[in-house]
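Note sheet for the following structure.
Source: prediction; values computed, not measured. So you know, we letter chains A, B, ... as the sequences are listed, proteins then strands, and number each from 1. Only heavy atoms go into these numbers, but all of them, side chains included; no hydrogens, no water, no symmetry mates.
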Amino acid sequence: MSALAQDTSIPSAKDLAPVPRERRRRWTYYTLPVYSSAFFLYLLIPITFMVVYSFNQSHSALPQVTSKWQGFTTQWYQQWNGVPDLTPAFFLSIKLALIATVISATLGTLLALALVRYRFRGKGATEQMMFTNIAAPEIVLGASLLGFFITLNLPRGFSTLLIAHVMFCVAYVTITVRARLSGFDPMLEQAAQDLGATPWVTFWKITLPLIFPGILAGALLAFALSIDDFVTSNFVAGSSVTFPLWVYGAVKVGIPPQVFVLGTAIFSAGLVLAVLALVFQGRAKKARPEPEEG
Amino acid sequence: MEQHVPADLHGVEPPRRHTRLGRSASPYLLGAPAIVWLVVFFVVPLVTMLSLSIQTCDSITLACTLTWHFAEFPNLIGQYGDTFVRSLVYAGAATVAALVVAFPVTYWIAFRAKRKNFFLLMLLVPFFVSFVIRTTAWYTLLADNGAILTKLKILHLVPESFHVLATPLAVIGGLAYNYLPFTALPLYVALERIDRRVMEASHDLYATRRVAFTHVVLPLAVPGIFAAFLLTFVPAAGDYVNAAILGGTNTVMIGQVIQKKFLETADYPAASALSTVLLVLMLVGIAAYAKFLGSRTIEEYV
Amino acid sequence: MTDQQRPGIDPALWRGLTQSRTSRRGFLRAAGVGAGALSLSSILAACGTAGVSTSSAAANGVGSAEWWSQQPETKTLNYANWPYYIDTAHGKHPSIEQFQQSTGITVDYTEPINDNTSFFTKIRPDLQAGNYIGYDVIVLTNSDPPLSEMIGFGWAVPLDQSRMTNFYKYASPLVKDPAWDPGNIHTMAWQSGYTCIGYNTKYITEDITSIQSLFDPKYKGKIGMMGISTELGSAGLLAIGVDPAASTPDDWANAADKLTQQKPLVRSYYDQDYIKALKNEDIWISMVWSGDVFQAANYQGYDTLKAVIPEEGSMFWTDNQLIPVGVENPVAAMEFMDYVYEPPVQALIEDYNAYVCPVPAARSIIANQLKDPTVANSPTVFPDAQMVSRSKPYYQFKNSQDLDQWNSTFQPIYTG
Amino acid sequence: MTEIDVRLERVSKFFGDVPAVDDLSLDIAEGEFFSLLGPSGCGKTTTLRMIGGFEDPSLGTVYLGGRDVTDLPPYRRDVNTVFQSYALFPHLDVFENVAFGLRRKKVGGKDIGQRVRDAMSLVDLEGFEKRKPSQMSGGQQQRVALARALVNRPKVLLLDEPLGALDLKLRKQMQLELKRIQEEVGITFIYVTHDQEEAMTMSDRLAVMRHGQIEQIGAPELVYESPATEFVAGFLGASNLLDGELVRNQSDVATVRLSTGQDIHFPASKVPSDIDTLVKVGVRPEKISIEVDEGEPPAGANWVSGLLRIATYIGVSHQYKVEGPGGTELTVYVQNLGAEEAPAPGRKVRLTWRPEHTFIVKPSAALSPEEEEE
């Protein structure tokens with residue numbers, strides 16, 4: 001009761017002029033943002049180097065990337081396909097990454113659906129297998145797959161690259177899509193079926209549009225993994241040469257500036273796609289119903 | 001209203017229903033393509049390769065026979081024990097470095113940043129540039145006469161003979177840099193999950209910010225830290241590209257040995273045995289994770 | 001490399017660098033298309049097959065004078081070589097065009113060989129069965145096991161010595177009667193190269209004349225060695241004064257000791273990337289493949305780089321043309337293999353690829369008719385008598401134990 | 001009205017070995033507003049989902065309009081559902097949500113527009129067609145879900161606790177609205193709820209379920225006034241139950257002797273046919289009058305004595321907790337007429353009620369904690 005008495009003795013807020021208050025912040029408040037900015041800068045160092053030096057002039061008969069700045073030029077962009085074998089390697093990588101992305105996105109999405117929607121025999125084993133797949137050192141993946149292909153007498157080339165790339169992408173896609181699916185209300189599908197939609201129509205009209213951002217994110221990850229892969233490809237490529245393989249070979253003698261041009265192109269395309277996916281995801285999230293209290 | 005009492009049906013057995021075929025089969029139908037792909041192109045090759053470690057091969061004809069020859073293991077461990085230890089030390093150092101470097105940033109993104117997705121994307125940005133190019137860029141930047149060291153040498157901040165490349169530091173740094181996204185993402189997931197109300201509750205219960213961090217945030221982030229550790233440490237321990245590009249004489253990692261054994265001298269039993277040891281280490285890590293933190297949570301962090 | 005030598009972008013030049021002779025040795029082998037392929041398939045193949053020489057040429061009289069006399073003169077030839085190894089202009093190979101015109105033989109020249117072992121793996125099942133592998137001529141290197149395996153298993157057809165007139169007339173002594181194929185019974189060289197010493201004259205002002213310079217403590221941390229067991233082992237043997245071809249396992253052990261002592265001085269054990277380290281000045285002196293330094297110094301402006309063949313000698317490797325068993329067009333094969341020894345033809349080829357030329361007489365044609373003195377005057381393309389005397393052949397492995405022992409002696413040095 | 005619209009014949013559903021619905025048979029007439037009422041886990045939602053086709057019965061048959069639909073998937077059944085969480089499609093606007101079923105039936109574009117507008121006006125939401133579900137309040141979303149189901153003119157509408165997420169006031173309003181709409185469209189409604197008041201407000205008939213079985217089925221008044229089991233009595237509002245023994249069961253009056261030896265009388269017609277001698281008698285709290293225990297009890301009425309423990313003033317009424325015979329707690333509601341002085345706690349009181357307000361039930365097993373939660 002004494003507290004109550006005290007309370008009533010305090011003048012009501014109306015009677016007091018508002019006291020302007022600035023939230024006082026200690027210097028430590030800024031350490032994290034500053035540190036994080038520095039971190040992102042650090043993360044971008046080699047990328048910046050790549051982009052900047054794709055505009056570096058070279059006076060050598062055989063232009064190669066060095067850290068010496070010799071002046072600005074767009075020459076390498078004009079002559080982006082001037083290095084024989086690099087261009088085919090680049091397009092091989094693009095083609096490989098696209099096909100591997102489509103396949104692994106499809107397979108991964110289906111598996112994610114199975115894992116989220118159902119309890120079935122072998123589910124735990126499947127999840128363990130996926131985790132092992134993700135964590136396994138790439139050299140073990142590549143080496144064992146090579147042995148396997150040889151055992152089957154499968155000629156190494158595009159098809160074996162594709163098999164390998166799907167193999168290491170599919171678990172990533174599954175996990176990404178599953179994350180999206182686990183926030184998905186299964187009632188929506190039942191509602192669609194209730195309203196006369198067959199499972200097929202339900203999938204296309206309801207499920208797919210709603211989990212699409214997840215699939216997109218998974219596909220993007222798969223694309224990035226595929227186009228960047230060196231170690232596994234190294235084992236199973238046969239006589240095919242992908243972009244990273246070519247670059248790794250060239251790295252040993254010095255790389256032509258066109259590698260940076262093409263690297264910048266892949267980077268920009270990836271960035272644009274990722275930002276689009278982000279925007280898309282943001283919009284989709286807004287369209288999701290807010291959970292009602294009660 | 002008239003009462004509709006169902007006819008007396010007791011005494012008649014109700015028809016037994018079968019679950020619609022599509023329903024019970026659907027998880028298998030959905031999962032089958034991916035599962036089959038992984039089993040055929042991941043599990044089977046892995047098991048095949050591991051079996052090679054107990055086979056004996058002729059290095060000219062390359063005929064191998066299963067001899068249950070386990071002697072390879074002690075031999076190799078004797079011969080490459082140092083390399084193994086070095087690999088584990090480098091991978092461990094790189095992982096710890098990556099954790100320490102990434103933790104404040106993921107903490108900041110999870111708790112303070114406004115555009116979370118944007119910064120997450122920034123974490124993934126290095127993925128869009130080929131890992132070989134990234135490593136080469138570092139190589140070029142850190143070369144003995146490269147942009148960075150030359151300036152430091154001119155300023156006499158480092159002695160003339162100072163170099164970064166071909167040292168353990170370069171390899172560890174390269175590993176830490178290249179696997180950073182794998183460290184940061186599980187950390188972020190774990191931190192993101194911490195209920196803000198738990199933090200408020202801890203402050204309500206007189207915890208200072210430091211105490212709230214050490215007694216609430218850190219313990220709750222442990223599964224994420226462990227997942228990050230596993231996802232960084234295991235691939236890093238088997239990596240060979242960083243050591244090959246950035247390393248030198250005394251920085252050889254086990255991945256390089258395996259690669260040479262596989263591709264240069266075609267010593268399959270040895271290469272397989274070394275890979276087996278690597279895999280076993282990884283599985284021990286996963287098992288430890290499952291034991292202490294429950295197997296359910298593993299998938300949530302990858 | 002004459003008419004295409006524009007500054008900036010010269011496709012041929014780029015090929016020379018990234019797909020060069022050396023790159024095939026280093027990069028593609030490292031790229032895993034090779035040895036791995038060989039072994040696992042053979043595991044299966046060999047599990048069921050005891051004898052490997054059922055299709056041995058000699059056993060069936062293949063390659064005997066009588067056999068040769070029975071072979072028809074077919075009008076096609078399937079030739080398998082390494083990429084970017086023959087003269088190319090406007091999408092054609094002038095030397096081949098000329099051959100087709102003069103003989104009426106249609107040559108299907110392909111470039112499927114990126115690596116000795118992986119290529120060998122591909123053709124091995126057919127060889128074993130005595131089938132036609134699809135090629136009448138293939139090119140394999142003497143320093144890798146497949147060449148000796150081809151010969152050892154009897155899968156290389158003995159050549160018709162009567163159809164080797166150009167060869168005997170023009171071939172360099174370096175490729176005549178070689179250690180890996182005494183009497184040229186089975187092979188004729190395509191091109192050769194050196195594994196020698198390269199260094200940067202900016203930092204090393206003294207003349208390097210001995211392989212001991214690689215072991216000189218004053219270059220500590222600036223020395224590059226090759227992390228490839230045949231190359232590293234041979235260098236070690238040369239350094240202890242042993243001729244690799246005549247070495248014994250005891251010598252290997254001594255060489256390994258020498259190399260192990262050297263290890264603290266070495267910056268890194270490289271494969272092909274030693275050239276980048278040399279160019280970046282991370283290392284001052286290194287084991288090199290002659291062609292790399294030639295190209296860096298002459299085409300890329302690294303003119304302080306220099307390659308030398310030390311007085312102890314340098315390892316000399318050769319790519320060899322040979323006819324596999326099951327051949328369908330042996331006569332055409334012989335004709336073409338010998339045709340490339342005509343000096344004008346060889347001049348065309350040599351001026352394109354600039355390796356070590358097997359035909360000394362091509363030099364004056366390159367200098368006078370093709371007007372390319374850089375190539376003509378290069379000691380690594382046309383070695384002088386002293387260099388010839390310093391060219392050392394590789395050790396020929398006798399059996400699997402031999403190879404195992406070599407590898408287990410030298411590999412730990414760079415993988416430890 | 002006598003046409004049977006939905007019939008469940010000896011339907012069971014097992015999840016693993018656990019029966020969620022246990023040998024249940026049920027007929028629902030055309031045009032009826034029928035409720036399935038029970039605590040959570042009683043199997044009411046599973047029953048509904050079997051009618052909708054979302055669950056396959058493990059045993060038994062489901063008929064819709066006389067046709068065996070047990071093996072038909074949901075999209076082939078002429079039944080629509082209003083889901084508890086509404087399950088509105090977040091990526092479609094309101095119009096497309098409502099039109100979804102019509103499009104699946106390939107209704108022509110013009111008709112779709114008209115029918116959607118009609119449905120929207122039925123639920124009072126004209127003009128909201130272009131909104132996204134996330135831009136609407138809970139109540140509006142609920143109406144959209146209703147419109148989306150009704151627009152297809154199904155034979156039967158299934159409603160799975162559709163008002164569960166709404167606040168109390170909106171709920172009351174929607175209850176009346178639902179009843180109005182049901183009368184307007186004349187479609188059979190099957191309504192699942194755990195809220196007995198809601199069920200009684202709207203239903204023509206209701207079934208009280210427990211452990212996957214129907215405890216009692218009938219009109220709300222009947223079930224309330226004459227619950228068949230102790231469970232039903234307890235679930236439908238507060239009730240006072242006293243243990244006793246059925247001693248006399250004559251043609252017009254039955255008698256139960258309480259443990260105190262006191263007799264309770266009631267019309268013999270209220271005695272169920274399959275009852276044993278150990279029974280419970282009960283009376284609803286609002287049927288009891290309470291007075292200070294003085295003088296003779298009134299003749300012809302049932303009464304018990306007790307000790308008044310708690311008296312609570314709750315506005316419209318007074319609520320009393322009385323310790324009755326054998327320590328049983330009895331509840332009494334007395335309408336607040338403002339006339340009398342309320343008895344004070346600690347007094348001995350007498351509770352009186354009329355024999356026809358007495359009911360008799362079989363004792364049931366005690367409620368499990370989950371059931372009590374509701």
Side-chain angles (χ1 to χ4, degrees), chain A residues 32-33 35-36 39-40 43-44 46-47 49-50 65-67 107-108 110-111 113-115 117-118 120 126-127 129 131-140 143-145 147-148 151 163 166-167 170 174-175 224 228 230-231 243-244 247-248 251 255 259 263 266-267 270-271 274 278 281-282, chain B residues 26-28 30-31 33-35 37-38 41-46 48-49 52 101 104-105 108 112 117-118 121-122 125-134 136-138 140-141 143 146-147 180 230-231 234-235 237-241 245 255 258-259 262 271 275 278-279 282 286 298-299 302:
Chain A
L32 261 188
Y35 173 82
S36 299
F39 173 84
F40 283 115
L43 218 51
L44 289 173
I47 297 163
F49 177 79
M50 174 189 77
V65 169
T66 59
S67 62
L107 298 191
L110 294 178
L111 180 57
L113 281 167
L115 289 175
R117 296 292 165 75
Y118 303 94
F120 57 97
T126 305
E127 287 177 337
M129 177 170 73
F131 185 72
T132 313
N133 178 275
I134 284 174
E138 264 204 277
I139 191 163
V140 175
S144 62
L145 202 51
F148 180 70
T151 307
I163 286 172
V166 172
M167 181 270 287
V170 82
T174 306
I175 281 157
D228 185 26
F230 169 72
V231 179
F243 183 66
V247 174
Y248 188 78
V251 154
I255 50 177
V259 167
I266 295 177
F267 173 69
L271 206 59
L278 211 66
Q281 205 156 7
Chain B
S26 33
Y28 296 103
L30 286 171
I35 292 173
W37 198 293
L38 282 176
F41 298 120
F42 169 61
V43 178
V44 171
L46 205 59
T48 312
M49 189 198 68
L52 272 176
V101 168
V105 178
W108 177 73
R112 306 247 311 258
N117 279 335
F118 172 74
L121 179 68
M122 293 290 286
V125 148
F127 270 144
F128 292 122
V129 174
S130 180
F131 150 64
V132 178
I133 294 184
R134 272 166 5 223
T136 309
W138 281 118
T140 314
L141 285 168
L180 251 181
L230 222 51
L231 283 176
V234 174
D239 181 86
Y240 71 90
V241 181
I245 295 182
I258 296 175
Q259 187 241 15
F262 259 117
S275 306
L278 203 57
L279 264 181
M282 180 192 87
I286 293 177
I298 289 183
E299 293 82 24
V302 290

May I ask you to test the [X]-[Y] pair for a side-chain heavy-atom distance under 4.5 Å?
{"X": "A:Pro137", "Y": "B:Pro235", "answer": "no"}
{"X": "B:Leu46", "Y": "A:Phe148", "answer": "no"}
{"X": "A:Pro244", "Y": "B:Phe131", "answer": "no"}
{"X": "B:Leu279", "Y": "A:Val140", "answer": "yes"}
{"X": "B:Tyr240", "Y": "A:Val231", "answer": "yes"}
{"X": "B:Thr136", "Y": "A:Phe49", "answer": "no"}
{"X": "A:Ile139", "Y": "B:Gln259", "answer": "yes"}
{"X": "A:Tyr118", "Y": "B:Leu30", "answer": "yes"}

(request) State whether the side chain of B:Trp37 and the backbone N or O of A:Leu107 hold a donor-acceptor pair below 3.5 Å, judged by distance alone. (result)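 Absent.
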For chain B, the option from [options] that forms the most heavy-atom pairs under 4.5 Å:
{"options": "A:Val259, A:Thr126, A:Val166", "value": "A:Val166"}
{"options": "A:Thr174, A:Ile47, A:Leu113", "value": "A:Ile47"}
{"options": "A:Thr132, A:Leu44, A:Ile266, A:Leu115", "value": "A:Thr132"}

Rounded to the nearest 0.5 Å, what's the gap from [atom1] on [X] to [atom2] on [Y]? Could you check?
{"X": "A:Phe267", "Y": "B:Ile133", "atom1": "CZ", "atom2": "CD1", "result": "11.5 Å"}
{"X": "B:Ser130", "Y": "A:Phe230", "atom1": "OG", "atom2": "CZ", "result": "9.0 Å"}
{"X": "A:Met129", "Y": "B:Leu38", "atom1": "CE", "atom2": "CG", "result": "4.5 Å"}

Which one wins on heavy-atom pair count under 4.5 Å against chain A: [options]?
{"options": "B:Ala237, B:Pro45, B:Gly238", "result": "B:Pro45"}
{"options": "B:Val241, B:Val101, B:Leu278, B:Leu121", "result": "B:Val101"}
{"options": "B:Ile245, B:Val129, B:Val234, B:Val44", "result": "B:Val129"}
{"options": "B:Pro126, B:Gly255, B:Ser275", "result": "B:Pro126"}

(message) How close do A:Asp228 and B:Val132 get, counting heavy atoms only, and between which atoms?
(response)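 Smallest interatomic distance, heavy atoms only, reads OD1-N, 4.4 Å.
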(request) Please list, chain by chain and in numerical order, all residues satisfying side-chain hydrogen bond (donor to acceptor under 3.5 Å, both in side chains) with A:Arg117, sequence neighbours excluded. (result)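 side-chain hydrogen bond (donor to acceptor under 3.5 Å, both in side chains) list for A:Arg117, sorted by chain: A:Glu189.
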(request) Please state whether the side chain, the backbone, both or neither of B:Leu180 comes within less than 4.5 Å of a heavy atom of chain A. (result)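 Only the side chain of B:Leu180 comes within 4.5 Å of chain A.
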(message) Using heavy-atom distances under 4.5 Å, tell me whether B:Val43 contacts chain A through its side chain, its backbone, both, or neither.
(response)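 The side chain, not the backbone.
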(request) Using the test ring pair (Phe, Tyr, Trp, His ring centres under 6.0 Å), find all partners of B:Phe42 that sit at least two apart in sequence or belong to another chain. (result)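 So B:Phe42 forms no ring pair (Phe, Tyr, Trp, His ring centres under 6.0 Å) with any residue.
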(request) Would you check, one step at a time, whether the test ring pair (Phe, Tyr, Trp, His ring centres under 6.0 Å) holds for B:Tyr28 with A:Phe120? (result) CA-CA 8 Å; B:Tyr28 296 103; A:Phe120 57 97; 5.4 Å; yes
(request) Could you please spell out the steps behind the side chain to side chain contact (heavy atoms under 4.5 Å, CB included) verdict for B:Val125 and A:Phe40? (result) CA-CA 10 Å; B:Val125 148; A:Phe40 283 115; over 6 Å; no
